[in-house]
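The structure displayed is predicted, hence computed values, not measured ones.
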Amino acid sequence: SGGLFMKVIEGGVTAAKGYKAAGLRAGIKAGKTNKDMAMIYSEKEAVCAGTFTKNVVKAAPVFWDKDVVYKEGKAQAVVVNSGIANACTGEEGLSNCKKEAEKAGELLSIAPEHVLVASTGVIGAQLVMDVVEKGIEMLVPELDSGKEAGENAATAIMTTDTHKKEIAVECTLGGKTVTIGGMCKGAGMIHPNMGTMLSFITSDAAIDQKLLQQFLSEIVEDTFNMISVDGDTSTNDTCLVLCNGLADTGSDCRGRRGYRRSEAPGRTPEDRLHKRSIPHGKTTVRAPVHRFCDRISHIICWRRARSAHQTG
């Protein structure tokens, strides 16, 4: 299978095959002019994985997304808003997540259980669902696979960020070109032992869902969980990965060509290459997280030697 050849390319969440995105202003917070809603859509149902905040208080979207990731393991769309976090909002907040998913599902002709949602912004305020649902109606016709659409989505999820954060990389896997794109936001309330801030990663690789979850959980520990800005863990920290298999690598655990049953998932050469490709995109997205913040005056970095558990 050879080594891993990987290069950074232009783009973000729309770089991989089969993904579209959009970002625009819906009016989540009155009196503002910024883009405040984003959507990511995969033309094909994708396996999904996620890591989430370990904070005692968790926002409503975290509970919704955990159900999608851990019970369904599949997703086809992500709806994100900035301005209001939908945290500390009780049953109404949970109900609003369901309404978001139902609205997106209706317009995209997919199951609500395959729609992930995320929010960031002011804690304790309820989403105005008329505005959110109108925003979803506006987003769907704007979905596009172009670079600008990905940039609009990355811009729409910003809060105290002063710069959009996105990345895309290409690598070879199973003899085919696989693309991984990502965007994230976060500049405050970032501290180790979290899920991340808000991070969304798309890929056209074919991979088993359980293996993807294993990889993501391990990788987050050595990337996003190495950042601390202010010592506060957020209520909304979420990292989501979607893989739709459109690169047709033929190398996932469900139907690997030449796959031997004796090869445990995660132990084959293709698995190891795919695992190594994910953190490159995550690390590159992570790098500017702490730099582009309106509250940052000093940056402290340290280098750690490889520890015993870091053998991949």
Side-chain angles (χ1 to χ4, degrees), residues 23 26 28-29 32 34 36-40 48-72 75 77-104 112-133 135-136 153-154 156-161 165 183-201 216-217 220 224-225 227-242 289 293:
I28 300 296
K29 291 179 73 175
K32 303 287 186 178
N34 60 295
D36 55 15
M37 283 197 73
M39 180 179 287
I40 303 169
C48 64
T51 58
F52 306 94
T53 183
K54 297 179 182 178
N55 199 44
V56 174
V57 179
K58 297 174 177 62
V62 171
F63 291 107
W64 177 269
D65 289 350
K66 280 188 169 184
D67 279 348
V68 174
V69 170
Y70 299 144
K71 293 181 180 179
E72 300 291 326
V78 186
V79 179
V80 192
N81 77 272
S82 61
I84 295 177
N86 193 10
C88 303
T89 50
E91 291 298 324
E92 184 177 349
L94 292 170
S95 176
N96 286 339
C97 290
K98 183 179 180 182
K99 290 177 181 178
E100 283 186 75
E102 288 175 342
K103 186 66 174 180
E113 294 79 14
H114 293 169
V115 178
L116 295 151
V117 301
S119 298
T120 180
V122 176
I123 293 174
Q126 295 286 355
L127 291 170
V128 180
M129 290 310 296
D130 287 346
V131 173
V132 172
E133 291 180 345
I136 294 172
I157 66 175
M158 292 166 52
T159 50
T160 57
D161 312 79
K165 300 156 186 175
M183 67 180 187
C184 75
K185 62 81 52 184
M189 294 189 76
I190 296 173
H191 191 56
N193 199 30
M194 57 185 180
T196 62
M197 304 65 54
L198 290 184
S199 177
F200 308 97
I201 300 166
L216 178 63
S217 297
V220 161
F224 285 117
N225 279 8
I227 309 171
S228 182
V229 173
D230 48 20
D232 296 325
T233 303
S234 171
T235 54
N236 292 62
D237 292 337
T238 299
C239 177
L240 298 169
V241 181
L242 278 69
V289 162
C293 174

Asp67/Glu113 under side-chain contact (heavy atoms from CB on, under 4.5 Å): CA gap, chis, key distance, verdict: CA-CA 8 Å; Asp67 279 348; Glu113 294 79 14; over 6 Å; no
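- With no hydrogens or angles considered, a side-chain donor-acceptor pair links Ser119 and Asn81 at under 3.5 Å.
- At least one side-chain heavy atom of Ile28 sits under 4.5 Å from a side-chain heavy atom of Val131.
- Note: Lys58 NZ to Lys66 NZ = 5.0 Å, rounded to the nearest 0.5 Å.
- With a 4.5 Å cut-off on side-chain heavy atoms, Cys239 and Leu216 count as touching.
- In terms of heavy-atom proximity, Ala125 sits nearest to Thr89 at O-CG2, 3.4 Å.
- Trp64 places no side-chain N or O within 3.5 Å of a backbone atom of Asn96 that could act as its donor or acceptor partner.
- Counting only distance, with no hydrogens or angles, the side chain of Ser82 and the backbone of Ala156 share a donor-acceptor pair below 3.5 Å.
- Shortest non-hydrogen contact noted between Leu242 and Val78 is CD1-CG2, 4.3 Å.
- Between the side chain of Asp36 and the backbone N or O of Gly83, no donor-acceptor pair lies under 3.5 Å.
- When side chains are defined from C-beta on, Asp237 does not count as touching Asn55, because their heavy atoms never get closer than 4.5 Å.
- Going from atom CD of Glu133 over to atom NZ of Lys99 covers 7.0 Å, rounded to the nearest 0.5 Å.
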Trace of the side-chain contact (heavy atoms from CB on, under 4.5 Å) decision for Val62 with Thr238: CA-CA 7 Å; Val62 171; Thr238 299; 3.8 Å; yes
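- What you find for Ala153 and Ala38 is that their closest heavy atoms are O-CB, 3.7 Å.
- With a 4.5 Å cut-off on side-chain heavy atoms, Ile157 and Met183 count as touching.
- When all heavy atoms of Gly93 and Gln126 are compared, the pair lying nearest together is N-OE1, 3.7 Å.
- Remark: the Lys185 side chain and the Thr120 side chain contain an N/O donor-acceptor pair separated by less than 3.5 Å.
- Looking at heavy atoms from C-beta onward, Cys48 lies out of side-chain contact with Leu240 at the 4.5 angstrom threshold.
- Counting only distance, with no hydrogens or angles, the side chain of Asp65 and the backbone of Leu116 share no donor-acceptor pair below 3.5 Å.
- The minimum heavy-atom distance linking Cys97 with Asn86 is given by the pair SG-ND2, 3.5 Å.
- Between Lys29 and Val122 there is a side-chain heavy-atom pair separated by less than 4.5 Å.
- Contact record, Ala101 with Val117: N-CG1, 4.4 Å, taken as the closest heavy-atom pair.
- Annotation: the span from Lys103 atom NZ to Lys98 atom NZ amounts to 15.5 Å, rounded to 0.5 Å.
- Put simply, the side chain of Leu127 reaches to within 4.5 Å of the side chain of Glu100, judged on heavy atoms.
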